[in-house]
Novice: 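Below you'll find the structure I mean.
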Amino acid sequence: MPQPRVLSGVQPTGALHLGNWLGAIRNWVDLQDSHDTYVCVVDLHAITVPHDPAKLAADTRSTAALYLACGMDPKRCSIFVQSQIAAHSELCWLLNCVTPLTWLERMTQFKEKSVKQGDNVSVGLLNYPVLMAADILLYDADLVPVGEDQKQHLELARDIAQQRVNARFGSEKQPILNVPKPLILKEGARIMSLTDGRNKMSKSDPNESSRIALLDPPELITKKIKRAKTDSEHGLEFGNPERPETNNLLGLYSILSGQDRQSVASECAEMGWGQFKPLLAEATVAALKPIQILHKELMDNPKEVDLVLKAGRDRAAAVANATLNRVRQVLGLAIRA
Ligand code: AMP
Ligand code: TRP
């Protein structure tokens, strides 16, 4: 039996933060032993909003190095850069031609991001979820480990595969594309902002204090946690909807210190913030330290990272091109000699 296939990716925009790690990358690390795992740095997604060309290439390599530093092992998975495999753009075009515009116009992330862009919304931003569907469908992925914010995009990828490709061009016996499932783990699926417990931690928040980047130095982590928004109630508890910041910070402490929620709840039940925040800062610094050390080693030796990306690209391209040819054929496009 072949192992089930996993595909996921993160955009190389700005610094990756605790949400990216705990919501996505950490889950990939666990899956690579039991699944045929492909992870990419989605640089084509990163240019759907205005970007700095001088930074993109460096951020792309640094993001790949973070995958490695977080525990992705090139012997057990394929790590590659999306734009290096032309099949992603090509399948995106083919899927664009069968995807209704109304499906894209109602995507929550598009609506939120386009408000931020004002008059400057690119067609690429609208198309973003179709490119993501192409990323996933090219690999016949069974599972896509992502944070909760990506659930709607996953549903779109499923609908495109099922309703617009398989139903129209395939048969029940011979589906053309595999229909993927999201894998959204409960813990860490939605890490909230440090400055507002009702909003998710995000790379695009202009306030840097709202997030902890995986490469933030210890003093900065401690400072950000010290300043994190709290409330004036005494005692810390999970699950009180009136206290979203408390819920978020306790949840982070549980994951980062490796203790289950129950023992954190009893440890912190009588604590005030002055006692809790240094504990959370210490747990965060300790959890990120090994990642930071490995990342620095890799960035001092960029050729090694580039070799990993090249090997990953070769493996991924073989799978992607086979799927692309299958789709080209059923759409009636001439076969390439
Ligand atoms: P992005 O930063 O948009 O490229 O997201 C990359 C991955 O991180 C996706 O799987 C997201 O769902 C996940 N992610 C981003 N922000 C958060 C967050 N605040 N909490 C949990 N997961 C997140
Ligand atoms: N849209 C995803 C995000 O912002 C990133 C992404 C692009 C992705 N292609 C993907 C995630 C394919 C999983 C699978 O988080």
Side-chain angles (χ1 to χ4, degrees), residues 5-29 31 37-49 51 59-60 63-64 66-67 70 80-83 85 88-89 91-92 95 104 107-110 112-113 116 124-125 127-158 160-161 180-205 210-214 244 247-248 251-252 255 316 320:
R5 178 93 42 83
V6 160
L7 178 117
S8 198
V10 173
Q11 302 179 66
T13 36
L16 268 60
H17 52 68
L18 282 179
N20 299 129
W21 183 37
L22 303 177
I25 300 173
R26 188 179 57 135
N27 306 326
W28 312 347
V29 175
L31 288 164
T37 303
Y38 292 77
V39 290
C40 53
V41 181
V42 290
D43 53 348
L44 294 173
H45 279 104
I47 63 171
T48 56
V49 292
H51 77 288
D59 284 351
T60 298
T63 302
L66 263 177
Y67 291 2
C70 289
F80 63 98
V81 176
Q82 178 195 36
S83 70
I85 300 181
H88 289 250
S89 306
L91 184 63
C92 177
L95 300 180
L104 300 182
M107 291 289 114
T108 311
Q109 191 173 295
F110 171 68
E112 283 172 6
K113 285 196 184 175
K116 286 188 199 150
L125 189 64
N127 253 188
Y128 178 114
V130 184
L131 178 60
M132 178 164 163
D135 297 341
I136 296 166
L137 299 174
L138 272 179
Y139 296 89
D140 287 325
D142 298 299
L143 280 184
V144 184
V146 281
E148 192 156 80
D149 59 328
Q150 295 303 310
K151 198 169 169 200
Q152 194 185 32
H153 288 162
L154 250 298
E155 274 155 19
L156 184 93
R158 288 170 57 84
I160 293 175
K181 288 203 182 75
L183 179 73
I184 300 168
L185 297 186
K186 223 164 144 209
E187 268 184 20
R190 216 171 145 73
I191 303 295
M192 309 311 277
S193 154
L194 295 186
T195 46
D196 177 357
R198 292 179 207 273
N199 276 331
K200 68 168 186 177
M201 186 177 283
S202 157
K203 289 175 194 155
S204 60
D205 191 324
S210 68
R211 59 185 166 265
I212 292 178
L214 300 183
N247 199 48
N248 188 43
L252 276 176
I255 303 177

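One-based numbering, in listed order, for ligands and for the atoms of each.
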Novice: Any side-chain to backbone donor/acceptor pair from Q152 onto T108? Under 3.5 Å, distance only.
Specialist: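 Yes: the side chain of Q152 pairs with the backbone of T108.
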Novice: Is any side-chain heavy atom of Y67 closer than 4.5 Å to a side-chain heavy atom of I25?
Specialist: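 Touching, per the 4.5 Å side-chain cut-off.
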Novice: Is a side-chain donor or acceptor of K116 paired with a backbone partner of S204 at a separation under 3.5 angstrom?
Specialist: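 Side chain of K116 to backbone of S204, a donor-acceptor pair under 3.5 Å: no, none is there.
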Novice: Can you pull the residues with any heavy atom under 4.0 Å from ligand 1?
Specialist: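 Residue list for ligand 1: V10, Q11, H17, G19, N20, G23, A24, V146, G147, D149, Q150, G188, A189, R190, I191, K200, M201, K203.
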Novice: Salt bridge check, K200 against D149: does any charged N sit closer than 4.0 Å to a carboxylate O?
Specialist: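 A salt bridge is present here (some side-chain N lies under 4.0 Å from a carboxylate O).
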Novice: Say whether, by atom type as modelled, one donor and one acceptor occur between the side chain of Q82 and the main chain of D43 under 3.5 angstrom.
Specialist: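 Side chain of Q82 to backbone of D43: a pair is present.
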Novice: Pairs under 3.5 angstrom only: tabulate donor-acceptor contacts from the side chains of residues 184-191 to other protein residues two or more places apart or in another chain.
Specialist:
none

Novice: Look at the aromatic rings of F80 and Y38 and report parallel, tilted or perpendicular, splitting at 30° and 60°.
Specialist: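 Answer is perpendicular, since the angle exceeds 60°.
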Novice: Checking N199 against S193: is there a side-chain donor and acceptor pair closer than 3.5 Å?
Specialist: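 Not at all, the side chains of S193 and N199 share no donor-acceptor pair under 3.5 Å.
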Novice: Going by the rule side-chain hydrogen bond (donor to acceptor under 3.5 Å, both in side chains), which residues pair with K113 if we only count those two or more places apart in sequence or in a different chain?
Specialist: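 Scan of K113 (side-chain hydrogen bond (donor to acceptor under 3.5 Å, both in side chains), adjacent residues dropped) gives none.
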Novice: Under a 4.0 Å heavy-atom cut-off, which residues neighbour ligand 2?
Specialist: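 Shell around ligand 2 (4.0 Å, heavy atoms): L7, S8, G9, Q11, V42, H45, Y128, M132, D135, I136, V144, V146, Q150.
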